[in-house]
Amino acid sequence: MADTERDVAGLSESAARAEYQRLHELLSAADAAYFEKDNPELSDADYDALKRRYLAIEAAFPDLRRADSLSEKVGSAPAEGFAKVIHQVPMLSLANAFEDSDVEDFVARGKKFFEREAGLRLAFTAEPKIDGLSASLRYEKGRFVRGATRGDGAVGEDITANLRTIAEIPDQLAGSGWPDVIEVRGEVYMSHAEFRALNARSAAEGGQVYVNPRNTAAGSLRQLDPSVTAKRNLKFFAYAWGHVSERFAETQFEAVQKLGEWGFTINPHFKLCMNVEEMLAHYHLIESRRATLGYDIDGVVYKLDDLRLQERWGYVARAPRWAIAHKFPAELAWTELEAIDIQVGRTGALSPVARLKPVTVGGVVVSNATLHNEDYIAGRDNEGNPIRGGKDIRVGDWVQVYRAGDVIPKVADVDLDRRPAGSAPFQFPHICPECGSEAIREEGDSVRRCSGGLICPAQAVEKLRHFVSRAAFDIEGLGSKQVEQFHADGWIDEPADIFTLRDRHGPGTAQQLQDKDGWGEKSAEKLFDAIDARQTIDLRRLIFALGIRHVGEVVSADLARHYGNWRALLAALDQAYPAMERHLEAEAAVLVERARAADDARKARIKPVRAAAWAAEPAVSVQSRGAWDELTGIEGIGDTVGVALVAAFAQQAERASINRLVAHLEVVAEEAPDTAGSRVAGKTVVFTGTLEKLTRSEAKAKAERLGAKVAGSVSANTDLVVAGPGAGSKLKQAEQLGIEVIDEDAWLALVGEG
DNA sequence: CAGCCTCGAGTTCC
DNA sequence: CTCGAGGCTG
């Protein structure tokens, strides 16, 4: 499809004008696509060819040159995109509530967390959740200095110039009392009126039809030319803040009011609620006004009002505990199920995907939807209980589709009255469609898995995709499409191959790469540089990238933090192997015994497995036992994860592959957690007895923030025991082991809250 | 031992 | 974003 550089001088002026216009649109669209997606629609080579032709026409017919000529942008190559901005305070996402009862549970969790504080009334703010794009705006001495997108929450893109065009974003904060430095956060959106007007303008000019306000706002913000953004009349609601140089309010409500005083628009439906009933009433009020607000919203956000309590309630992985988004019910649509395809994932999981006759659901055309697993299609849950009234899903059925959380399309229901005659239940394959290996479903597991391992091309590709994914190696220019291509071409079989890619076929590799579809000289060189840059890698990223089952981002980080460096991790896992094996045998023996006992009278109590197994098995060295116990003693790592880890490193082929990879890398040791000024950093703390001023989870959250490890039981590794009244065996054990024991007040003093 | 919480894995569309 | 399951708590 590539346009070549035909001689442009021979073109008539009118032909040149038409061609110039066409190329301008094509290239602009490609620019937009490039920045909105990971994968450009146009290959680099094609893009370069079109661009050259565009410039050639411009040179030959200078009169045609447009004011907004793309030649202006040659200097700042479009591939550069926007500069990255690291959010000083990450931009988190929110947990969701779908039912009133979820909100009640949320409030109940809050009450439980603070139950020690008698008489404490928890107030919450409630406000519409705007369906737009979050942005973070940095103000220094009241001046707007930089604005960024949310990005992945940790790193966003610098879109300052575009944000400056938004009237509701003040250049200079009004009033007084603002912190020296403050990052104001809020939502950029496009009103319904503006969206309609834009489409009308676009139609008059024969331009494109914009699908929905949200995507249009997103596209507008990512314009390289701010004058385009300026024409879109975007708006902004402020509702939060990130980094601040000093505390400026006591409550959420007060803080947002202040944002209003400083010149931001705050949502008129922002309200302080004193109890659950008021929260839900406000939700239903907003829902009833949804159609007349003039902009898209997708729910209501509640936040704990008291900022100090927010801090104490804390965070889960990527979301605050103290806030929740109450979503409106999803839109539904009926359509025909044309086929059921089976995809094979990284772990071999066979996942059924519904191919649908395209249908619009909530403003987006949906043609695929997940069917979860074998049982879901059959109309049963994994315990054999009927779901959807036991209705199975068949090819040819009319099915009801919705977008779960307004994103992931799911098949929710089947219309049996419209089921075609002669249809048969779907036969879920027991053989991997990708490699022909047997697909096995373990007892108690809801997924069927291909047993082919790395023989299975689908698994191999998925593993590579995982390896280059954002939380893993994240190599620029080597996305999922690219590794897939390289794998198909036989250039990359396993992760280590990525690091030999430059010299794979001798000095001519770059040239060969350019001969492939989609690669130009520049992109090839950039790719090699990006790969070289990633030879230095954080330990946690490396662990995660290996793609070991049950070992995700969080567990990888925990492991990295615990063992500190690659060699220590490797040594520990190797050492733990004999103990792990023995442990598995003991587990198996216990299962047999348990079955027998259950047969007998269900009375026999099985003694703690591990202790018994160790006692009976002197063959396993003390060191190995120690290594295994240390591993499974890490918070969040139990038997399953431990076995998966140790086994992966012990398995010969896998280990060899890991070794080949690591030979190319310089693994950066994990730095100690954020412990400046912490007196408990690195200590293992055990709480026992009744705590009177804190709840257990609160104490734990605080300790971990300060870099301490909180353990459940006292061992020789324990550094400190915090004992309240009623402490029993743990206290005794601590005394026996000579471990320091303090009371709750002393603990509070220690962590600076005395 | 059950229930709760958190994490991992898989998925769609832009 | 959801679901299932692993791990921990009471």
Side-chain angles (χ1 to χ4, degrees), chain A residues 32-39 41 93-96 98 105 108-109 112-113 133 210-212 214-219 222 298 315-319 321 325 327 330 341-356 358 360-373 375-376 381-383 387 401-412 442 444-447 449 462-463 465-466 469 471 544 547-558 605-606 632-644 687 690 695-697 700-701 710-713:
Chain A
Y34 190 94
F35 294 118
E36 283 174 37
K37 302 175 189 176
D38 285 339
N39 306 298
E41 283 172 350
S93 51
L94 292 176
N96 286 320
F98 296 97
D105 291 347
R109 281 199 298 278
K112 193 171 169 209
F113 191 85
L133 296 110
Y210 297 94
V211 183
N212 62 46
R214 187 189 182 281
N215 291 348
T216 312
R222 311 189 98 254
D298 54 5
Y315 299 83
V316 294
R318 284 175 206 83
R321 279 188 230 269
K327 297 302 206 62
D341 286 353
I342 303 291
Q343 293 180 354
V344 181
R346 166 166 70 88
T347 61
L350 266 52
S351 313
V353 178
R355 305 296 177 199
L356 306 164
T360 303
V361 193
V364 173
V365 178
V366 167
S367 45
N368 302 302
T370 173
L371 287 167
H372 293 123
N373 56 47
D375 288 345
Y376 192 81
D381 68 14
N382 70 337
E383 276 152 13
I387 50 174
V401 184
Y402 73 101
R403 298 207 305 151
D406 275 343
V407 178
I408 312 286
K410 284 180 56 172
V411 171
E442 302 274 350
D445 202 350
S446 58
V447 298
R449 290 198 154 81
E462 293 303 322
K463 272 211 142 181
R465 281 198 169 143
H466 173 82
S469 68
F544 175 66
I548 296 161
R549 184 130 95 102
H550 301 126
V551 182
E553 246 180 291
V554 174
V555 170
S556 300
D558 289 346
R605 275 264 162 149
I606 310 294
T632 52
I634 298 173
E635 170 116 40
I637 299 182
D639 287 358
T640 309
V641 180
V643 168
F687 294 96
T690 312
T695 62
R696 211 39 100 81
S697 49
K700 192 177 156 190
V710 179
S713 58

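The chains referred to below are lettered A, B, ... by the order of the sequence lines, with proteins before strands, and numbering in each begins at 1.
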Given Pro352(A), which partner from the list Thr370(A), Asp341(A), Ile342(A) fulfils the side-chain contact (heavy atoms from CB on, under 4.5 Å) test? Ile342(A)
Using atom OH of Tyr402(A) as one end and atom C1' of dT11(B) as the other, report the distance to the nearest whole Å. 13 Å
Gap between atoms CD1 and C1', on Ile637(A) and dG8(B) respectively (whole Å): 13 Å
Please confirm whether the shortest side-chain N or O distance from Gln343(A) to OP1 or OP2 of dT11(B) is below 4.0 Å. yes
Nearest to the side chain of Val555(A), heavy atoms from C-beta on, is which of dG8(B), dA9(B), dC3(C)? dG8(B)
Closest of dG4(C), dT12(B), dG10(B) to the Val353(A) side chain is dT12(B)
When rounded to the nearest 0.5 angstrom, what distance separates NZ in Lys410(A) from NE2 in His372(A)? 4.0 Å
Residue whose closest nucleotide on DNA chain B lies nearer the 5' end, Pro409(A) versus His550(A): His550(A)
Separation of dT12(B) atom P from Asp341(A) atom CG, nearest Å, is 10 Å
From dC13(B), dG10(B), dT11(B), pick the nucleotide closest to the side chain of Thr347(A)? dG10(B)
Sidechain-backbone polar pair: His466(A) side chain, Phe544(A) backbone, donor-acceptor under 3.5 Å: yes
Side-chain atoms of Arg109(A) come closest, of dT11(B), dC13(B), dC5(B), to dC5(B)
May I ask you to verify if any side-chain N or O of Ser351(A) is less than 4.0 angstrom from the OP1 or OP2 atom of dT11(B)? yes
I want to verify a distance call: between dG6(C), dC7(B), dC3(C), whose nearest atom is closest to the Thr640(A) side chain? dG6(C)
Using the side-chain contact (heavy atoms from CB on, under 4.5 Å) criterion, which residues pair with Ala108(A)? Sequence neighbours excluded. none
What's the CD-P distance between Glu553(A) and dT6(B), to the nearest Å? 16 Å
Taking the side chain as everything from C-beta on, heavy atoms only, tell me whether Leu356(A) gets closer than 4.5 Å to Asn368(A). no
Considering only dT6(B), dA9(B), dT11(B), which nucleotide approaches the side chain of Thr370(A) most closely? dT11(B)
Quickly work out the Phe113(A) CZ to dC5(B) P distance and round it to whole Å. 12 Å
Is any side-chain nitrogen or oxygen of Arg346(A) closer than 4.0 Å to OP1 or OP2 of dA9(B)? yes
Nearest-Å distance for atom pair CG/P, residues Asp558(A) and dC7(B): 8 Å
Between P of dC13(B) and CZ of Arg214(A), the distance in whole Å: 16 Å
For the atom pair CZ (Arg109(A)) and CZ (Arg321(A)), what is the distance rounded to the nearest 0.5 Å? 9.5 Å
Could you work out which one of dT12(B), dT11(B), dA9(B) sits closest to the side chain of Asn368(A)? dT12(B)
Spacing between Ile342(A) atom CD1 and dT11(B) atom P, to the nearest angstrom: 10 Å
Is the phosphate of dC4(B), meaning OP1 or OP2, less than 4.0 Å from a side-chain N or O of Lys112(A)? no
As a test of reading the structure: which of dA9(B), dT11(B), dA5(C) is closest to the side chain of Ser446(A), going by heavy atoms? dA5(C)
